[in-house]
Amino acid sequence: MTDWPEAWSGAWPELRAPASVVAPMLLGAVLSWGGVRLRLTEVEAYEDVEDPGSHAARGRTARVATMFDEPGRIYCYLSHGLHRCLNVVAHEPGRAGAVLLRAGEVVDGLDLARSRRPGSSDRDLARGPGRLGAVLGADQVTDGLMLGRDQLGLADPPLSEQAISRGPRVGLRLAADRPWRYWLTGERTVSPYRRHARAVPDPPAEPPA
DNA sequence: CTACCGATATTCT
DNA sequence: GAATATCGGTAGA
């Protein structure tokens, strides 16, 4: 494997843009993974050095190496020691970033999904990033795998602006107020907003010129 | 709605 | 060695 963006195959040209731009384009997309098909209803963007809330903010470490790898790969990390969370790598060439898949609606493989989260209502099966990883069967070998074109179908035609809502990110201490959480307006499978108990307000984004 | 706590890999000092 | 964490489940107001 190489590090040079110029050598990347470009299997996912749509994902070679900042994560905050790609994220809303993933809403309504259908993801097929681990025997389950999911319609994405909530996502969240994480970029690199300019985003203090991102795992990639302080450069490449073993855990976050995938965020620096080719767009279209799955970045899968262990949250709080027990939940596997899935991201789609997305960034401009030479940079880093990913879109966290926060929630979705199971549209196929319902029995398998239910078996992976016994006792859950269908609505709650993938309502939250840890739950979403669980119903898709994410595990330690998931990190770094490349999505096939047949595994992620972007919404076509694209969703209207009106169908998409946006707001602050969930569970972050730093830069939580960057409005990079996107969800489908009115969708029941979107997770409840939870602010970090000690979230610090984001500094002003762009000082006027 | 809010608050707490389990659980542990990763990162920082 | 200590602090942190892209969370989820539950308890209680």
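As judged by a 4.0 angstrom heavy-atom cut-off over every strand, G130(A) is placed among residues touching the sugar-phosphate backbone only. Across all strands, L100(A) comes closer than 4.0 Å to base atoms (heavy-atom distances). Residue contacts for R117(A): at a heavy-atom cut-off of 4.0 Å it reaches the sugar-phosphate backbone alone, with no base atom in range. Here T61(A) lies in heavy-atom contact (under 4.0 Å) with sugar-phosphate atoms only.
In this structure, the CZ atom of R58(A) is 13 Å from the C1' atom of dT6(C), given to the nearest Å. Straight-line distance from the CZ atom of R198(A) to the C1' atom of dC4(B): 14 Å, rounded to whole Å. dG8(C) atom P lies 14 Å from atom CZ of R123(A), rounded to whole Å. With rounding to whole Å, H196(A) atom NE2 is found 9 Å from dT6(C) atom P. For R116(A) and dG8(C), the CZ to C1' distance is 19 Å, given to the nearest whole Å. Whole-Å rounding puts the R127(A) CZ to dT6(C) C1' distance at 18 Å. We find that CZ of R195(A) is positioned 14 Å from C1' of dT6(C), with the value rounded to whole Å. When the C1' atom of dT8(B) is taken as reference, atom NE2 of H80(A) falls 11 Å away, rounded to whole Å.
Under a cutoff of 6.0 Å and an axis angle of 45°, R149(A) and W12(A) form a cation-pi pair.
Residue H55(A) places at least one side-chain N or O closer than 4.0 Å to OP1 or OP2 of dT6(C). Under 4.0 angstrom from either OP1 or OP2 of dT6(C) there lies no side-chain N or O belonging to R173(A). Contact annotation: R194(A) side-chain N/O to dT6(C) OP1/OP2 distance is not under 4.0 Å.
If you look at H55(A) and Y46(A), their ring centroids are not closer than 6.0 Å.
The closest side-chain donor-acceptor pair between T185(A) and Q162(A), if any, does not fall under 3.5 angstrom.
The pairing partner recorded for dT8(B) is dA5(C), the criterion being a Watson-Crick or G-U wobble arrangement whose two distances lie under 3.5 angstrom. Nucleotide dA11(C) has dT2(B) as its partner under the Watson-Crick or G-U criteria, with both atom distances under 3.5 Å.
Distances were taken from every side-chain heavy atom of L78(A) (C-beta onward) to each of dT6(C), dC12(B), dA9(B); the shortest belongs to dA9(B). Of the listed nucleotides (dA9(B), dG8(C), dC12(B)), dG8(C) has the atom at the smallest distance from the side chain of R131(A). Closest to the side chain of L82(A), from the set dT6(C), dG6(B), dG8(C), is dG6(B). Closest to the side chain of R63(A), out of dC7(C), dT11(B), dC12(B), is dT11(B).
The shortest side-chain heavy-atom distance between R16(A) and P93(A) falls under the 4.5 Å cut-off. Counting heavy atoms from C-beta outward, R84(A) and T142(A) have side chains that stay 4.5 Å or more apart.
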Verdict with supporting geometry, Y75(A) and R73(A), side chain to side chain donor-acceptor pair (under 3.5 Å): CA-CA 6 Å; Y75(A) 168 47; R73(A) 290 192 188 275; over 6 Å; no
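Lacking a ring centre under 5.5 Å from that of the base six-membered ring together with a plane angle below 30°, H83(A) does not count as stacked on dC7(C). The aromatic ring of Y77(A) does not sit over the base of dT6(C), since the test of centres under 5.5 Å and planes under 30° is not met.
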